[in-house]
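Contents: one structure, followed by commentary.
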Amino acid sequence: MKSRIVASVVLFLAAVAANAVAQDLTIDDFTTGHYQSPGYKSGLVNRNIQAGSMMGGSRDTVMSICDPRKKGDCAATNPYKQASSYGFLPANGVQPAAMVQTGGYFATPRIDMRYGFQTPMNVDFSGYQKIRVNFNGLSQELNFNILLYSGGPYAIGGCNIPAYAGTFSMELPLSLFQLTQGFTFTGVTDVDVIFQDGSAIGSESFGITSLELSNTTKGGVVIDCHY
């Protein structure tokens, strides 16, 4: 009888361990820190900081358009002086909470969405296989990158994501990140999620409903992302 009890305990602990490994960890689901930016036509550091339940407790967001101090830069990268904006918006109707970018025609905005920049978060990423970004639509090709820092050393991964008129997920395996000397996944202090226009005519618009660390398989349309 004792051997059966021991075997049952071992099986139970194994099941608990397997379930723990399978759990996804949310970086941000945009349910807090709601904000709508103004429409930006220029500027390299259009910045706002949102507080909430996201990983690290804050989201430090910068939209870059062009450098008005550099002669000809804005005329080249935003010739029609069209506004671009972003927002972290609550759920509405059938649409979940989301981060949304609306790009101006022939404008090429870049967004750096940063976690842990106010207070280092020191999160262990080593137990996860990938970072997953869930989209609810993408109008143009998007250049996407993630920088992970452990203090000064960093790791980078990313890809170009094709347009898709519907919900889909982009998955970036941690094993494919390019690491600098001294970086460790066991102590990630801050994260920079970068979105850059991949279209020749601008007008980049998209929505993201969550970012997460994952070991699980996602249903629906999934894009594998790597350099």
Side-chain angles (χ1 to χ4, degrees), residues 23-40 42-69 84-91 96-103 109-128 130-135 142-158 170 172 174 177-197 204 206-214 225:
Q23 295 301 311
D24 293 343
L25 179 64
T26 299
I27 298 172
D28 200 351
D29 61 7
F30 310 111
T31 55
T32 61
H34 296 144
Y35 170 76
Q36 175 60 58
S37 81
Y40 295 116
S42 65
L44 286 178
V45 184
N46 300 302
R47 185 181 188 188
N48 191 272
I49 300 170
Q50 305 87 38
S53 62
M54 68 288 294
M55 185 178 287
S58 66
R59 183 196 305 120
D60 185 333
T61 311
V62 173
M63 174 175 267
S64 307
I65 306 293
C66 61
D67 188 351
R69 302 164 300 176
S84 299
S85 66
Y86 66 92
F88 301 102
L89 308 173
M99 175 270 189
V100 175
Q101 174 184 297
T102 302
R110 165 176 166 155
I111 287 179
D112 286 71
M113 194 166 64
R114 307 181 297 192
Y115 302 88
F117 273 61
Q118 300 305 305
T119 303
M121 54 192 190
N122 297 309
V123 176
D124 187 353
F125 281 31
S126 64
Y128 297 91
K130 55 199 170 187
I131 294 175
R132 179 185 294 132
V133 184
N134 295 307
F135 286 77
L142 180 68
N143 179 252
F144 175 84
N145 297 275
I146 295 183
L147 280 165
L148 307 176
Y149 293 89
S150 51
Y154 66 89
I156 185 171
M170 184 282 303
L172 178 55
L174 295 183
F177 273 69
Q178 300 173 15
L179 280 57
T180 62
Q181 186 174 2
F183 175 82
T184 172
F185 284 110
T186 60
V188 175
T189 55
D190 38 283
V191 177
D192 188 359
V193 183
I194 303 169
F195 308 95
Q196 297 184 98
D197 199 306
E204 185 87 62
F206 60 86
I208 292 171
T209 57
S210 64
L211 299 98
E212 56 200 19
L213 290 163
S214 179
C225 178

Would you give the length of the straight line joining atom CD of Q50 to atom CG of D60, rounded to the nearest 0.5 angstrom?
8.0 Å

Consider side-chain contact (heavy atoms from CB on, under 4.5 Å). Of P90, S210, S53, which one does T31 pass it with?
S53

Please report the closest heavy-atom contact between D24 and E212, naming both atoms and the distance.
OD2-OE2, 4.0 Å

Nearest heavy-atom pair of S150 and G187: which atoms, and what distance?
CB-O, 3.1 Å

Whether F30 and F88 hold their rings parallel, tilted or perpendicular, with breakpoints at 30° and 60°:
parallel

Examine distances only and state if a side-chain atom of T189 and a backbone atom of Y149 form a donor-acceptor pair shorter than 3.5 Å.
yes

State, to 0.1 Å, how close D124 and S126 come at their nearest heavy-atom pair, and which atoms those are.
OD1-OG, 2.5 Å

Show the numbers, then the answer: is there a side-chain contact (heavy atoms from CB on, under 4.5 Å) between I111 and M99?
CA-CA 11 Å; I111 287 179; M99 175 270 189; 3.5 Å; yes

Nearest heavy atoms of S58 and Y115, plus distance in Å
O-CD2, 3.6 Å

Verify the neighbour count for atom CZ of F177: are there more than 12 heavy atoms of other residues, nucleotides or ligands below 6.0 Å?
yes

Go through it in stages, so that I can follow the logic: the residues are F206 and F195, the test is side-chain contact (heavy atoms from CB on, under 4.5 Å), and I'd like the CA-CA distance, side-chain angles, deciding distance and then a yes or no.
CA-CA 10 Å; F206 60 86; F195 308 95; 3.8 Å; yes

Report yes if some heavy atom in the side chain of Q36 is under 4.5 Å from a heavy atom in the side chain of S85; otherwise report no.
yes

For S37 and N48: C-alpha separation, side-chain torsions, deciding distance, then whether side-chain contact (heavy atoms from CB on, under 4.5 Å) applies.
CA-CA 8 Å; S37 81; N48 191 272; over 6 Å; no

Side-chain donor-acceptor contact under 3.5 Å, N134 with T209
no

Of all heavy-atom pairs between Q181 and P153, which one has the smallest distance, and what is that distance?
O-CB, 3.5 Å

One should read off an interatomic distance between S214 OG and L172 CG, to the nearest 0.5 angstrom, of 12.0 Å

When rounded to the nearest 0.5 Å, the distance separating OG1 of T26 from CE of M55 is 8.0 Å

Steps toward side-chain contact (heavy atoms from CB on, under 4.5 Å) verdict (V191, I27)
CA-CA 10 Å; V191 177; I27 298 172; 5.6 Å; no

Correct closest heavy-atom pair for E204 and Q196 would be OE1-O, 4.4 Å

I'd like to know if the side chain of R110 reaches the main chain of L44, judged simply by a donor and an acceptor atom lying under 3.5 Å from each other, with no hydrogens or angles considered.
no

Do you know which of I131, D190, D192 makes side-chain contact (heavy atoms from CB on, under 4.5 Å) with L148?
I131

Interatomic spacing from CG in L25 to CZ in R132 - rounded to 0.5 Å:
12.0 Å

Rounded to the nearest 0.5 Å, the OG1 atom of T102 sits from the OH atom of Y86 at a distance of 13.0 Å

Between OH on residue Y35 and CZ on residue R59, distance to nearest 0.5 Å:
11.5 Å

Mind checking whether F135 and L142 have side chains closer than 4.5 Å, heavy atoms only?
yes

Do R47 and R114 touch side chain to side chain, with heavy atoms closer than 4.5 Å?
yes

